[in-house]
K.L.:
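Please read through the structure below; I'll follow up with questions.
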Amino acid sequence: MILKQGGPVAVLLLLLAVVALTVFLERALHLHRAQINVAEFLNGIRTVLKRANVMEAIAICDATPGPVPRVVKAAILSRDQGRDRVREAVEEAGLAEVPPLERRLNLLATLCHLAPLLGLFGTILGLMDVFAQLEQQGLYAHVTQVAGGVWRALICMGLGVGISIPAYAAYNYLVSRVHALVVDMERAAAEIVHIVTEANGKTDPS
């Protein structure tokens with residue numbers, strides 16, 4: 001009934017809703033997999049590096065999903081090049097990790113704004129149909145002759161707003177998850193610089 005009375009714009013809005021839902025589920029799953037217990041992970045790396053077992057620390061980073069282990073790995077690989085170089089390495093790794101986290105968020109934001117605009121477009125088309133019927137029939141127009149246009153206007157506007165609200169909430173949720181991961185990376189970067197340089201100092205014979 002919605003597709004029949006809402007017209008082509010209603011079909012476009014439902015397709016938009018499917019795309020928005022697909023993007024949200026994919027991004028939510030990706031960000032969920034990327035989230036780790038940073039404190040526990042860094043404690044494990046610290047313990048391994050205290051034993052001077054660098055290969056095991058790298059293996060732990062490779063086996064752990066998410067951006068934080070890759071930032072930590074960059075610090076470990078540059079451990080012999082001085083504190084400044086270690087800091088630069090983690091900064092470069094962190095910058096490289098942010099774009100993949102934000103992938104498709106712009107698409108979801110665009111869909112949030114596009115849905116009510118499409119709904120408004122469908123409303124305008126519906127009202128145009130109503131006025132066309134009134135112009136043809138004048139005062140003798142029956143309610144059934146204009147009901148189709150009214151239904152189209154209401155359905156399109158309802159779908160547009162109804163899709164935009166949860167899509168916007170989903171977008172903000174994903175942005176908050178990305179922000180949390182970025183904070184984790186910054187905290188891990190600051191701590192791993194200290195851990196690596198401290199471990200290197202202890203193993204330095206000079």
K.L.:
If you take all heavy atoms of R152 and D129, which pair is closest and at what distance?
P.N.:
NH1-CB, 4.2 Å
K.L.:
Below 4.5 Å, heavy atoms only, C-beta onward: do R103 and H30 meet side chain to side chain?
P.N.:
no
K.L.:
Taking S164 for the side chain and G160 for the main chain, is one N or O donor matched with an acceptor at less than 3.5 Å?
P.N.:
no
K.L.:
Same cluster or not: L13 versus V161, using hydrophobic residues (I, L, V, M, F, W, Y) connected whenever any side-chain heavy atoms lie under 4.5 Å apart?
P.N.:
yes
K.L.:
Out of curiosity, R85 CZ to L77 CG, how far, rounded to the nearest 0.5 Å?
P.N.:
10.5 Å
K.L.:
If you apply the rule side chain to side chain contact (heavy atoms under 4.5 Å, CB included), what do you find for C61 with I45, and how did you get there?
P.N.:
CA-CA 9 Å; C61 293; I45 294 295; 4.0 Å; yes
K.L.:
Checking side chain to side chain contact (heavy atoms under 4.5 Å, CB included) for the pair V72/I76: CA distance, chi angles, key distance, verdict?
P.N.:
CA-CA 6 Å; V72 171; I76 296 173; 4.0 Å; yes
K.L.:
To the nearest 0.5 Å, tell me how far R79 CZ sits from T197 OG1.
P.N.:
13.0 Å
K.L.:
Treat each ILVMFWY residue as a node, draw an edge where side-chain heavy atoms are under 4.5 Å apart, and state whether L117 and V11 are in one component.
P.N.:
no
K.L.:
Could you report the tightest heavy-atom contact between S78 and A74, atom names first, then the distance?
P.N.:
OG-O, 3.0 Å
K.L.:
Under a single-linkage definition using a 4.5 Å side-chain heavy-atom cutoff for Ile, Leu, Val, Met, Phe, Trp and Tyr, are I165 and I163 assigned to the same hydrophobic cluster?
P.N.:
yes
K.L.:
Can you tell me how far CZ of R33 sits from CG of L31, rounded to the nearest 0.5 angstrom?
P.N.:
11.0 Å
K.L.:
Under a 4.5 Å cut-off applied to non-hydrogen side-chain atoms, are L15 and V19 in contact?
P.N.:
no
K.L.:
If you look at every heavy atom in A188 and V38, which pair is closest and at what distance?
P.N.:
CB-CG1, 4.0 Å
K.L.:
How long is the span from the CG atom in L114 to the CZ atom in F121, to the nearest 0.5 Å?
P.N.:
11.5 Å
K.L.:
Q35 vs H32, test: side chain to side chain contact (heavy atoms under 4.5 Å, CB included). Steps then yes/no.
P.N.:
CA-CA 5 Å; Q35 191 78 50; H32 175 72; 5.7 Å; no
K.L.:
How close do P67 and M185 get, heavy atom to heavy atom, and via which atoms?
P.N.:
CB-SD, 3.5 Å
K.L.:
Do the non-hydrogen side-chain atoms of R177 and L181 ever get within less than 4.5 Å of each other?
P.N.:
no
K.L.:
Go through the steps for L95 and E92 under the test side chain to side chain contact (heavy atoms under 4.5 Å, CB included), then give the verdict.
P.N.:
CA-CA 5 Å; L95 290 174; E92 291 170 1; 5.8 Å; no
K.L.:
For the residue pair L108 and R27, establish whether any side-chain heavy-atom pair is separated by less than 4.5 Å.
P.N.:
no
K.L.:
Can you find a pair of side-chain heavy atoms, one from K73 and one from I58, that are under 4.5 Å apart?
P.N.:
yes
K.L.:
Can you check whether A109's main-chain N or O pairs, donor with acceptor, with H113's side chain at less than 3.5 Å?
P.N.:
yes
K.L.:
According to a 4.5 Å side-chain heavy-atom criterion applied to Ile, Leu, Val, Met, Phe, Trp and Tyr, with indirect links allowed, do L107 and Y168 form part of one hydrophobic cluster?
P.N.:
no
K.L.:
Considering all heavy atoms of both residues, which atom of V9 and which atom of L118 are nearest to each other, and what is their separation?
P.N.:
CG1-O, 3.3 Å
K.L.:
Working to the nearest 0.5 Å, report the span between CD1 of I192 and CZ of R87.
P.N.:
13.5 Å
K.L.:
To the nearest 0.5 angstrom, please state how far the OG1 atom of T47 sits from the CG atom of L42.
P.N.:
10.5 Å
K.L.:
Cluster question for you: counting only ILVMFWY and a side-chain heavy-atom cut-off of under 4.5 Å, with indirect links fine, are I36 and L49 together?
P.N.:
yes
K.L.:
Where do L105 and L101 come nearest, in terms of heavy atoms and distance?
P.N.:
CD1-O, 4.3 Å
